[in-house]
Amino acid sequence: QVQLVESGGGSVQAGGSLRLSCAASGYTGSSHCIGWFRQAPGKEREGVATIDIDGSTIYADSVKGRFAISKDNANNTLYLQMNSLKPEDTAMYYCAAVERLYMDYCVARPAMYNIWGQGTQVTVSS
């Protein structure tokens with residue numbers, strides 16, 4: 001059974017950087033789609049970035065060029081490097097996974113993922 005634990009959130013000024021981590025137990029890089037999602041107050045949860053078993057990535061348009069997703073299969077850890085942060089990036093950030101066999105590709109749609117971490121808060125001030 002896969003379990004996910006996020007860390008690395010915090011408060012930062014606009015233009016700053018943060019690196020989120022997601023420690024995954026019971027997970028192998030060759031069996032699951034895994035990615036980052038976020039939810040701001042009063043808004044729906046949205047996909048930020050996903051990474052496939054072959055390392056291919058998908059990013060939301062709003063974070064392209066600023067965020068980078070990566071994974072360390074040896075240590076079962078997922079990362080999200082966030083640069084040039086904006087106040088609109090403020091949200092609870094979640095790590096999520098789903099078995100690859102259920103997906104044509106690792107689409108960044110929250111409804112397709114069935115394993116979730118507890119989230120880590122990111123707050124960006126102007």
Side-chain angles (χ1 to χ4, degrees):
Q1 182 178 358
V2 177
Q3 293 184 320
L4 306 171
V5 179
E6 303 94 334
S7 61
S11 297
V12 65
Q13 289 190 329
S17 298
L18 284 173
R19 189 192 196 200
L20 306 184
S21 299
C22 173
S25 60
Y27 157 85
T28 67
S30 62
S31 63
H32 286 73
C33 288
I34 192 165
W36 291 97
F37 300 80
R38 68 186 181 185
Q39 187 166 18
K43 294 187 177 181
E44 292 187 355
R45 193 168 295 188
E46 63 177 357
V48 175
T50 63
I51 188 164
D52 207 331
I53 58 176
D54 64 357
S56 59
T57 57
I58 294 175
Y59 291 93
D61 288 343
S62 59
V63 306
K64 283 180 181 176
R66 301 188 298 121
F67 291 11
I69 188 171
S70 62
K71 61 179 179 175
D72 181 346
N73 288 334
N75 293 307
N76 287 340
T77 303
L78 179 74
Y79 300 100
L80 184 68
Q81 179 65 45
M82 305 186 295
N83 299 324
S84 302
L85 282 161
K86 303 176 181 180
E88 52 263 44
D89 295 318
T90 295
M92 185 70 79
Y93 282 71
Y94 299 91
C95 174
V98 63
E99 286 194 51
R100 184 62 175 83
L101 61 91
Y102 297 124
M103 309 279 275
D104 292 331
Y105 62 97
C106 295
V107 63
R109 288 174 54 194
M112 301 300 291
Y113 290 72
N114 59 356
I115 303 164
W116 291 84
Q118 84 289 348
T120 186
Q121 177 68 37
V122 172
T123 302
V124 184
S125 58
S126 57

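For this chain, numbers begin at 1 and follow the sequence in order.
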With sequence neighbours excluded, residues passing side-chain hydrogen bond (donor to acceptor under 3.5 Å, both in side chains) with Ser126: none
Val122 with Val5, same ILVMFWY side-chain cluster at under 4.5 Å: no
Closest non-hydrogen atom pair, Lys64 against Tyr59: CE-O, 3.4 Å
Ile58-Val98 co-clustered via ILVMFWY side chain contacts under 4.5 Å: yes
Gap between atom OG of Ser11 and atom CG of Leu85 - 0.5 Å precision: 11.0 Å
Value rounded to 0.5 Å, distance of OG in Ser70 from CG in Leu78: 7.0 Å
Atom of His32, atom of Ala97 and distance for their closest heavy-atom approach: CD2-CB, 4.3 Å
Short side-chain to backbone donor-acceptor contact, Glu99 and Ser31, under 3.5 Å: no
Minimum-distance pair of heavy atoms, taken over all atoms of Pro110 and Arg45: CG-O, 3.6 Å
Asp89 bridged to Lys86 by N-O distance under 4.0 Å: no
Option among Glu88, Glu44, Glu46 that satisfies the salt bridge (Lys or Arg N to Asp or Glu O under 4.0 Å) test with Arg38: Glu46
Between CG on residue Leu20 and CZ on residue Phe67, distance to nearest 0.5 Å: 8.0 Å
Nearest heavy atoms of Thr120 and Gly8, plus distance in Å: OG1-N, 4.1 Å
Ala91 to Ala40 - nearest heavy-atom pair and separation: CB-N, 3.8 Å
Spatial distance of atom CD (Glu6) from atom CD (Gln118) [nearest 0.5 Å]: 4.5 Å
Those residues that, when tested against Gln3, pass side-chain hydrogen bond (donor to acceptor under 3.5 Å, both in side chains) (two or more places apart): none
Note, Tyr113 side chain near Cys106 side chain (heavy atom, < 4.5 Å): yes
Linked, directly or transitively: Val2 and Tyr79 (ILVMFWY side chains, under 4.5 Å): no
Parallel, tilted or perpendicular, as decided by the 30° and 60° cut-offs, for the rings of Trp116 and Tyr94: perpendicular
Side chain proximity check, Leu4 to Cys22, heavy atoms < 4.5 angstrom: yes
Separation of Ile34 CD1 from Asn73 CG (nearest 0.5 Å): 9.5 Å
Any donor-acceptor pair under 3.5 Å from Lys71 side chain to Asp52 backbone: yes
Heavy-atom pair with the smallest gap, counting every atom of Gly119 and Met92: C-SD, 3.7 Å
